Student: 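The structure under discussion is supplied below as structure tokens; questions concerning it will follow.
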2 protein chains.
Amino acid sequence: MTDVERPLRRDAELNRQRIIEAARVVYAERGLAATFDDIAHRAGVGIGTVYRRFPTKEALLEVALEELLERHARSAEEALRAPTAWAGLTAFLREAAEMHAADRGLRDIALGAEIDLRHFTRMRDRVLPVLEQLIDRAHAEGSLRPDVTVEDLPLVMMMVSEVAHHSQAIRPDIYGRYLQLLLDGLRPAPDNGALGQPLTSDDVEALAREWMPGRHRASRA
Amino acid sequence: MTDVERPLRRDAELNRQRIIEAARVVYAERGLAATFDDIAHRAGVGIGTVYRRFPTKEALLEVALEELLERHARSAEEALRAPTAWAGLTAFLREAAEMHAADRGLRDIALGAEIDLRHFTRMRDRVLPVLEQLIDRAHAEGSLRPDVTVEDLPLVMMMVSEVAHHSQAIRPDIYGRYLQLLLDGLRPAPDNGALGQPLTSDDVEALAREWMPGRHRASRA
DNA sequence: ACAAAAGTTGAGGAACGTTCTCCACTTGTT
DNA sequence: AACAAGTGGAGAACGTTCCTCAACTTTTGT
């Protein structure tokens, strides 16, 4: 079962590139809710062509977001090389927030859209251990309040990227203000209040799944 | 044009009450996206009956949420009587968060659903000056970082109630953790970062309108 | 230059969801 | 009993998204 890809005809390959480019733009603007129709339109090809080349949304996303996800993972790895864990942590969170603000599709995926994207899973497996390490080091250096866990980071990102999303048309930079507020809340301070029971990583996963569009129908009598 | 309401027939009045009760439950569970169909079903009446009694969603909400909105406003007024402005502010925010967590409809309205509800407008006009006063007093007593404005409060509430909403099925209490984190971020501290340009009240209004479902279609081409 | 292969197109069918009307029917009131 | 008041809920009208397919166009190899 050798899967030797026959090369596409020249015009077909061109269309493929156009579709990928259009998908990047449209997903960035509209998030994963964007339809193939939107993308086909922007690429200047028929819907049928998009379906022929990418039978599912996953297939298209895989290709369209590869680069961005790589950048995201690399940004986490760079955070480890910062002079202090706190500096690394804040740099990473700020960069992640900026990326989420600039690309709604990335945000949807990072926040747990019900799409099983190989590249994404891989990226997450690269990022998570790094964050754990950063949190541990920050605790050790005393720059992070002790009752904060690595599970809090996704929630912080969700809140901030929610602000980023809704403020895009009004004050596209304002998410930074609330990220800063949260970062300052993460510092140790004598008058900090009690945070209560932290989330487990299962909780976080369930929550992320719940956060995205998807099915939410409740039963009725 | 005397608008002397003829009393409803006894059975009709009973149905009206049933509908209001059902609306409270359904709006609390599902938010303003709930349909008249849902409500009629729960009330055990036909859809037609709901439409006959309440021609629009506003009419029904007006009656269903009256009590809750009153409670909300009163809670703000009570905050002024707390021993310190900070205690009042946190008490109010915690209570508001709790109410939003318990009633998704209230949350939708408070966060700016595109529904012009008399009761709500009135409530807001009662609450806003109170919050301004609390913020001023907190600044004066040095318990609130100076670069925070009253416009930050709605955003804090939006973030927290977003968490409350999505975590309801998983950890219904967890929103308190992130509210606490934000509250701690609101305290003055030597190592607080710069927040940048604050929001204007117009920004907040626009943002609240954007935050809720409603129309979001972007143009194409 | 031509024919076979490869690729394209977009109208439209199917599925789903929401809003709201309408009139044959039931119930309450006097 | 008789009239007014109220009810129910199927279904019309509309909107959205997903995806297919048969008629057509372009490329490529000879």
Side-chain angles (χ1 to χ4, degrees), chain A residues 4-23 26-27 29-61 105 108 113-115 212-221, chain B residues 4-23 26-27 29-61 105 108 113-115 212-221:
Chain A
V4 196
E5 299 276 320
R6 309 224 321 56
L8 290 173
R9 228 168 66 175
R10 193 160 304 160
D11 57 337
E13 180 56 35
L14 180 66
N15 279 339
R16 205 182 97 97
Q17 293 306 330
R18 280 215 195 102
I19 290 166
I20 293 169
E21 203 35 59
V26 172
Y27 282 136
E29 270 175 7
R30 308 249 247 260
L32 300 197
T35 65
F36 271 24
D37 215 288
D38 288 334
I39 292 162
H41 219 271
R42 168 150 231 142
V45 305
I47 309 157
T49 304
V50 179
Y51 275 101
R52 154 179 291 264
R53 221 44 81 199
F54 304 97
T56 65
K57 194 176 272 201
E58 278 86 350
L60 180 48
L61 279 169
D108 287 356
E114 310 219 342
I115 280 185
M212 279 295 96
R215 68 213 87 299
H216 278 311
R217 289 288 146 268
S219 60
R220 172 202 286 185
Chain B
V4 195
E5 299 277 318
R6 308 225 323 54
L8 290 173
R9 230 167 65 174
R10 194 161 302 162
D11 58 337
E13 180 56 36
L14 180 66
N15 279 339
R16 205 182 97 98
Q17 293 306 329
R18 279 216 196 101
I19 290 167
I20 293 170
E21 202 37 58
V26 173
Y27 282 136
E29 269 174 9
R30 307 251 246 260
L32 300 197
T35 63
F36 271 25
D37 216 288
D38 289 334
I39 292 163
H41 218 272
R42 169 149 233 143
V45 304
I47 310 157
T49 304
V50 179
Y51 274 102
R52 156 179 290 267
R53 221 44 80 200
F54 303 97
T56 67
K57 196 175 269 200
E58 277 87 350
L60 179 50
L61 279 169
D108 286 355
E114 311 220 339
I115 281 185
M212 279 295 98
R215 69 211 89 302
H216 279 308
R217 291 285 146 270
S219 59
R220 168 201 291 187

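Only a predicted model underlies this, so the values are computations on that prediction, with no experimental measurement involved. The basis for the numbers below is simple: all heavy atoms, side chains too, and nothing from hydrogens, waters or symmetry mates. Just so we're on the same page: letters track the sequence lines, and every chain starts at 1.
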Student: B:R30 CZ to C:dG17 C1': how many Å, rounded?
Tutor: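 My rounded result for the distance is 13 Å.
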
Student: From the list D:dT7, D:dC18, D:dG8, which nucleotide is the closest neighbour of the side chain of B:N15?
Tutor: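 The listed nucleotide nearest to B:N15's side chain is D:dT7.
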
Student: For B:A34 and for A:E13, locate the closest nucleotide of DNA chain C by heavy-atom distance; then report the residue assigned to the nucleotide nearer the 5' terminus.
Tutor: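 Going by which nucleotide is closer to the 5' end, it is A:E13.
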
Student: How many whole angstroms separate atom CG of B:D37 from atom C1' of C:dC16?
Tutor: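 Checked: the CG to C1' distance equals 14 Å.
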
Student: Below 4.0 angstrom from OP1 or OP2 of D:dT17, is there any side-chain N or O of A:T35?
Tutor: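 Checking D:dT17 against A:T35, no side-chain N or O comes under 4.0 Å of OP1 or OP2.
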
Student: Can you confirm whether A:L8 sits close enough to A:R16 that some side-chain heavy atom of one is under 4.5 Å from a side-chain heavy atom of the other?
Tutor: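 A side-chain contact under 4.5 Å exists here.
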
Student: Rounded to whole Å, please give me the gap between CG in A:D38 and C1' in D:dT16.
Tutor: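 Spelled out: CG on A:D38 to C1' on D:dT16 is 12 Å.
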
Student: Nearest 0.5 Å, please: how far is CZ in A:R30 from CZ in A:R42?
Tutor: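 Spacing of CZ (A:R42) from CZ (A:R30) equals 8.5 Å.
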
Student: B:I47 has an atom CD1; how far is it from atom P of C:dG17, in whole Å?
Tutor: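 Whole-Å distance recorded here is 15 Å.
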
Student: Take atom CZ of B:R6 and atom P of D:dG6, then tell me their distance rounded to the nearest Å.
Tutor: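 It works out to 7 Å between those atoms.
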
Student: Where along nucleotides 22-30 of chain C does protein come under 4.0 Å, by heavy atom, of base (B) or sugar-phosphate alone (S), with - for untouched nucleotides?
Tutor: -----BSS-

Student: I need the CG-P distance between A:L14 and D:dT25, as an integer number of Å.
Tutor: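 After rounding, the gap between these two atoms is 20 Å.
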
Student: Taking the side chain as every heavy atom from C-beta outward, state whether A:N15 and A:R53 have any atom pair closer than 4.5 Å.
Tutor: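 A side-chain contact under 4.5 Å is absent here.
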
Student: Measure CD1/B:I39 against P/C:dT18 and give the value in whole Å, please.
Tutor: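 My rounded result for the distance is 13 Å.
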
Student: Flag the pair A:R10 / A:L14 as yes when at least one side-chain heavy-atom distance between them is below 4.5 Å, and no otherwise.
Tutor: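 Contact flag for A:R10/A:L14 side chains = no.
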
Student: Between A:Q17 and A:E21, do the side chains contain a donor N or O and an acceptor N or O under 3.5 Å apart?
Tutor: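 Absent: no donor and acceptor within the cut-off.
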
Student: Scan A:R53 against the nucleic acid and name what it touches under 4.0 Å (heavy atoms): base, sugar-phosphate only, or nothing.
Tutor: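 Here A:R53 touches the backbone only, sparing every base.
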
Student: Mind listing the closest non-hydrogen atom pair of A:K57 and A:L32 along with its distance?
Tutor: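 What the structure gives for the nearest pair is NZ-O, 2.6 Å.
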
Student: Tell me: CZ of B:F54 to C1' of D:dG6, nearest whole Å?
Tutor: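 It works out to 15 Å between those atoms.
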
Student: Test A:D108 against A:Y27 for side-chain contact (heavy atoms from CB on, under 4.5 Å), laying out the working first.
Tutor: CA-CA 10 Å; A:D108 287 356; A:Y27 282 136; over 6 Å; no

